[in-house]
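In what follows, a structure is listed as structure tokens, so that the remarks can point back to it.
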Amino acid sequence: MTAQTAERDLSAVIGLEVHVQLETDTKIFCGCSTDAADDEVPNSRVCPTCLGLPGALPVLNEGAVEAGVKVGKAIDAEIPEETSFHRKNYYYPDLPKNFQITQYDAPICADGELAFRVDGEERTVNIRRAHLEEDPGSLQHAGGSIDTADYTLVDYNRAGTPLMEIVTEPDFRGADEVRAFLAKLEEVLEYLGVFDASRDGSLRVDANLSIVDSKTLDGDDISAALEDANRTEVKNISSHRGAQQALAYEETRQKNAVRRGREVEQETRHWDESRGITVSMRSKEEEKDYRYFREADLPPLRVSGWKEEIAIPELPDARRERFRGEYDLSAESASKLTSTKQVADFYETVAAEFDSDLAATWVADNLLGELNYRDMQVTDVEGRLDEFTRLIDLVDGEAITTKNAEEVVLRRMLDDGLAPDAVVEAEGLGKTDDNAVLAAVREAIEENPDAVDDYESGEEGALNFLVGQVMQATSGSADPGTVNERLRAELDE
Amino acid sequence: MVDHEEVEHVASLARVDLDEAETERFAAQFDDILSYFEALDEVPEADAATELDNVFRPDEVREGLTQEEALANAPETEDGYFKGPNVS
């Protein structure tokens with residue numbers, strides 16, 4: 001068999017364990033804050049419970065359970081009648097109690113699914129389960145890398161942050177699908193308001209990958225083929241892009257091994273992002289070594305009824321469809337405008353005041369484009385919605401040209417934090433704009449019928465009065481000569 | 001029967017170094033300890049006394065320990081961190 005045919009006949013099978021931090025105010029089993037300030041000092045958001053001090057007892061955070069139920073609703077999962085917590089025992093300094101409280105045989109969500117698009121096609125991946133657990137603390141390997149460090153520094157500020165681990169079936173066939181899935185998952189979680197992608201370490205992925213003969217994937221049941229193939233578990237993936245790179249690397253590595261007739265070793269591998277490779281990790285515990293047993297300090301949960309009681313917001317796919325219908329938008333615009341809940345909310349506020357097409361152009365093309373160029377998010381300008389609608393107002397009322405609005409006003413609003421009118425004034429943009437002058441001229445005529453009468457009866461002084469009115473209305477930005485001309489033209493009509 | 005290998009395995013999971021003599025001694029002791037637990041097999045099964053469920057805490061911040069308090073019992077610290085041996 002040539003290398004080429006071998007390549008064509010082999011296929012990757014990938015399953016994911018995605019850990020996401022849930023956005024609650026406090027940790028999952030104690031009242032310590034989860035709000036990590038950029039400049040916070042280590043071990044400053046801790047208490048006896050999250051430090052694992054003797055006698056301290058966990059009490060479950062209701063908010064974390066609500067978030068878990070919301071995730072379950074969004075992925076169309078079952079919320080079982082009863083769910084409970086277990087202790088997963090292992091010794092590592094990031095785990096102060098020497099066990100992690102997690103869910104084992106009774107997770108809060110079971111049998112869900114998530115649809116996403118990749119390469120223009122819709123794919124659905126089955127989600128086996130999703131469960132709640134606590135995040136460990138964080139370690140610094142002082143004086144070197146993980147292998148060569150002299151000692152370890154431990155910070156328990158992160159310990160106890162609520163996590164949801166979402167476990168998929170081995171339904172992925174390539175790294176691109178994984179990336180698209182993760183992007184969609186983040187989008188949904190952000191819409192639910194239970195997740196903040198901008199938070200450092202908020203998403204961590206472990207991925208299982210094995211290589212099988214492509215022919216075995218034709219049938220419905222691939223478990224036999226997977227049983228025969230050794231798999232590797234790739235850890236330390238922390239972004240969509242990282243997942244794509246790590247799994248593309250791992251797929252090639254395993255295919256090369258199979259093609260050369262070598263066996264793929266069943267092992268855990270570490271994704272080294274800086275080197276762009278996966279490396280073998282020392283063998284970890286097997287499942288039985290974790291000695292799971294019921295966490296007797298936490299009574300079981302019976303929250304299946306919450307699925308009815310807790311409302312979740314409109315999810316991205318539904319909102320996209322609604323935007324296309326309600327605002328008559330193209331698929332591309334609707335997609336851009338629903339990319340995050342914040343963008344969609346922003347658009348709907350603008351579209352309530354202006355023509356939906358004009359609003360779409362301004363939000364989807366101009367604003368998002370300029371924000372993207374500056375590496376900014378719509379959340380950075382959320383508080384300036386008034387200024388942004390004022391800008392569209394200026395364009396819509398033809399007080400400034402579209403070109404000036406896009407190329408000068410919007411940019412200076414973002415770069416210098418100026419209000420649109422301030423930019424118009426500073427740049428003298430209103431001056432050359434005949435439309436603004438004309439509008440002010442018509443207004444002056446309408447509001448001063450006496451002066452108009454005087455002018456019509458031959459009093460030239462009345463014209464000067466009207467010029468003054470227009471100059472005042474345009475904050476002196478109009479050219480007096482032009483104003484004079486326009487006034488005469490309008491009055492003599 | 002708890003054998004030598006099992007003790008070594010459990011010790012490695014617990015990151016404890018045992019020498020040859022200790023491993024032998026603990027194998028015997030583990031056996032004794034486990035046999036005490038066999039007494040539980042004779043206890044008739046009974047329903048659990050309480051039927052608690054859904055015990056929650058509201059998602060509200062409560063004051064914890066200061067850094068100084070948190071580190072007070074640590075044998076070694078550095079710059080506000082707990083300091084421990086290298087792990088991998």
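Since this is a predicted model, take the numbers as computed values, not measurements. We name chains A, B, ... by the order of the sequence lines, and we start the count at 1 in each one.
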Can A:Y292 and A:E287 be said to form a side chain to side chain donor-acceptor pair (under 3.5 Å), step by step? CA-CA 8 Å; A:Y292 281 98; A:E287 180 165 297; 5.5 Å; no
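Within the 4.5 angstrom heavy-atom criterion, only backbone atoms of A:C30 (N, CA, C, O) approach chain B. Residue contact with chain B, scored on non-hydrogen atoms closer than 4.5 Å, involves the side chain of A:Y156 exclusively. Residue B:N73: no heavy atom, backbone or side chain, is found under 4.5 Å from chain A. When heavy atoms are compared at a cutoff of 4.5 Å, A:P300 approaches chain B by way of both its backbone and its side chain.
Within residues 56-72 of chain B, the residues having any heavy atom closer than 4.5 Å to a heavy atom of chain A are B:F56, B:R57, B:P58, B:D59, B:E60, B:V61, B:R62, B:G64, B:L65, B:T66, B:Q67, B:A70, B:L71, listed by residue number. The interface of residues 23-35 of chain B with chain A, defined by heavy-atom distances below 4.5 Å, is empty.
Comment: A:E134 does not engage A:K88 in a salt bridge, judged by the lack of any side-chain N to carboxylate O separation of less than 4.0 angstrom. Between A:R199 and A:D196, no side-chain nitrogen of the basic residue sits less than 4.0 Å from a carboxylate oxygen of the acidic one, so the salt-bridge criterion is not met.
If you check the side chains of A:D135 and A:Q21, you find a donor sitting under 3.5 Å from an acceptor.
Partners of A:K73 according to the side-chain contact (heavy atoms from CB on, under 4.5 Å) rule, which considers only residues two or more places apart in sequence or in another chain, are A:K307, A:I312. Evaluation of the side-chain contact (heavy atoms from CB on, under 4.5 Å) rule for A:E233 yields A:E17, A:D206, A:N208, A:K235, A:T268 as partners, not counting sequence neighbours.
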